[in-house]
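Heads up: the structure comes next, in structure tokens.
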Amino acid sequence: MNQPNASGPTRFGFFIAPYHPLTGNPTLQIQRDLRLVELADELGYAEAWVGEHHSAGLEIIAAPEVFLAAAAERTRRIRLGTGVNSLPYHQPMMLADRLCLLDHLTKGRVMMGIGPGQLASDASMMGVPQPRQRDMMHESMDVLTQLLRGEAVTAKTDWFELNEARLQLLPYQRGGLEMAVASTISPSGAVLAGRHGAGLLSLAASDPSGYEALLPNFKVYEKTMADNGHTVHRYRWRLVAPMHIAETREQARREAEWGIGHLVDYIKRLSGMDVPWGDTAAEAVAQWVGPGFPAFGRATIGTPDDAIAAIAAIEALAEQSGGFGTFLVLALNVADWDATQRSVRLFAEHVIPHFTGANRNRIASLDWANANSERLMSGMRAGVEAAFERHGQALAAALQPEEGK
């Protein structure tokens, strides 16, 4: 593996939409999502974020707070985020109440992800006008932050009303709930996060358009944070990209062929368009690691070294603004469960230590021993020779056969 790097992200986790084939048992699929969070907790990952979706069949967690309550009972230390709550779909006081309850149930491990809602089919079914979704998100967060601070709020919009509303139960965390606002290409999320002092959750770090927007959006975020009197904390800038790794690149790509067809079909059916690269699983994998998929960007499907290189490339861009602190693997379930677990373990074993520098002093210790080996070994030999001289007679006597035997 490559030598560890002192720079780069030092916190790692998973962003779980989730995406599940329509051919599987949904009950078991959700159970595997819970087991993924358990495994991440066991292996020392810092965070797990879980999405909210209501249609289109693959992303089948409708209430991330409910899922995370179950995950909290199975884990000890991993922080748990809603990734994300679609604010236009919720009366803000009700949402704040649920998150505060969850924060107490988890004893302060909750993070709140903020977004406008991703699937057009969700908004359509609920009668939410799509052109208004980002404005509604801003209106909701304006009162959410006040409620979570314990303030009484009176507000009226064309979709919710609050009359001297206040929460009876505030967050467990003394500093309040940590919030992170989803950002892809437009600066809307960066502006909202900066206004309220929230973190930034860049969901399209591996998409070419999203990658190009990382730096401009972060500059907007920094300026808006400063204009509103907030301090930027680098660990709260989270970047998301899809990855699956194995011992060899060929093995990783074979494993991804297992389930990539359902992802290609999802893209085709959501967009209503055909794609020229979905005839075979191998062709789809080649497209995904090359030019990339619409919305999902480019995937890293290869070895731990490939994962390190991909994250380092993102870090090189982010470094122009001071770097980012947290990298989240987009969990896509393109490999079967056994291969997915191996990927999660390989990432924890080889990728995370590279960026955290966990082995830096171990390597320095061996390097020092090597550089001083001649001196150290000569001293050891001298010590052995001295011991023989001091105890040689006793050793010779002990080896002499006893008389009469």
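Numbering starts at 1 and runs along the sequence shown.
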Rounded distance [0.5 Å steps], CZ in Phe355 versus CD in Glu315
7.5 Å
Output for pair (Ser365 OG, Arg360 CZ), nearest 0.5 Å, gives 14.0 Å
Are the side chains of Leu99 and Leu144 in contact, using a 4.5 Å heavy-atom criterion?
no
Test item: Asp41 and Arg77 side chains (from C-beta on) under 4.5 Å apart, heavy atoms
yes
Answer with yes or no whether the side chains of [Y] and [X] bring together a donor and an acceptor at under 3.5 Å.
| X | Y | answer |
| --- | --- | --- |
| Thr75 | Arg109 | yes |
| Glu283 | Gln287 | no |
| Asp142 | His196 | yes |

Kindly determine whether Arg134 and Leu192 satisfy side-chain contact (heavy atoms from CB on, under 4.5 Å), including the steps that lead there.
CA-CA 10 Å; Arg134 281 170 177 75; Leu192 182 61; over 6 Å; no
Donor-acceptor pair, distance only, cut-off 3.5 Å: does the side chain of [X] make one with the backbone of [Y]?
| X | Y | result |
| --- | --- | --- |
| Tyr45 | Val344 | yes |
| Arg74 | Glu38 | no |
| Ser378 | Arg375 | yes |
| Thr340 | Ala335 | yes |

Quick note, ring-ring contact (aromatic ring centres under 6.0 Å, His included) partners involving residues 95-149, not counting sequence neighbours, are His104-Tyr172
Decide, yes or no, whether a salt bridge links [X] with [Y] under the criterion of side-chain N to carboxylate O below 4.0 Å.
| X | Y | answer |
| --- | --- | --- |
| Glu73 | Lys107 | no |
| Arg345 | Glu42 | yes |
| Arg238 | Glu178 | yes |
| Lys223 | Asp227 | yes |

Can you check ring-ring contact (aromatic ring centres under 6.0 Å, His included) on Phe12 and Phe347, steps first, answer last?
CA-CA 10 Å; Phe12 295 84; Phe347 194 97; 5.8 Å; yes
Leu68 and Thr106: side-chain contact (heavy atoms from CB on, under 4.5 Å), yes or no, with the steps?
CA-CA 9 Å; Leu68 293 176; Thr106 64; over 6 Å; no
Just do the side chain to side chain donor-acceptor pair (under 3.5 Å) check on His20 and Arg32 with the steps written out, would you?
CA-CA 10 Å; His20 288 303; Arg32 283 194 291 273; 5.6 Å; no
Heavy-atom pair with the smallest gap, counting every atom of Gly57 and Leu22
O-CD2, 3.6 Å
What heavy-atom pair brings Ser55 and Leu119 nearest, and what distance separates the two atoms?
O-CD1, 3.4 Å
From CA spacing to verdict: side-chain contact (heavy atoms from CB on, under 4.5 Å), Ile114, Met112
CA-CA 6 Å; Ile114 303 294; Met112 184 179 185; 3.7 Å; yes
Criterion side-chain contact (heavy atoms from CB on, under 4.5 Å) on Asn333 and Asp33, from CA distance to verdict:
CA-CA 10 Å; Asn333 295 300; Asp33 291 329; 4.3 Å; yes
With under 30° as parallel and over 60° as perpendicular, where do the rings of Trp237 and Phe324 fit, or are they tilted in between?
perpendicular
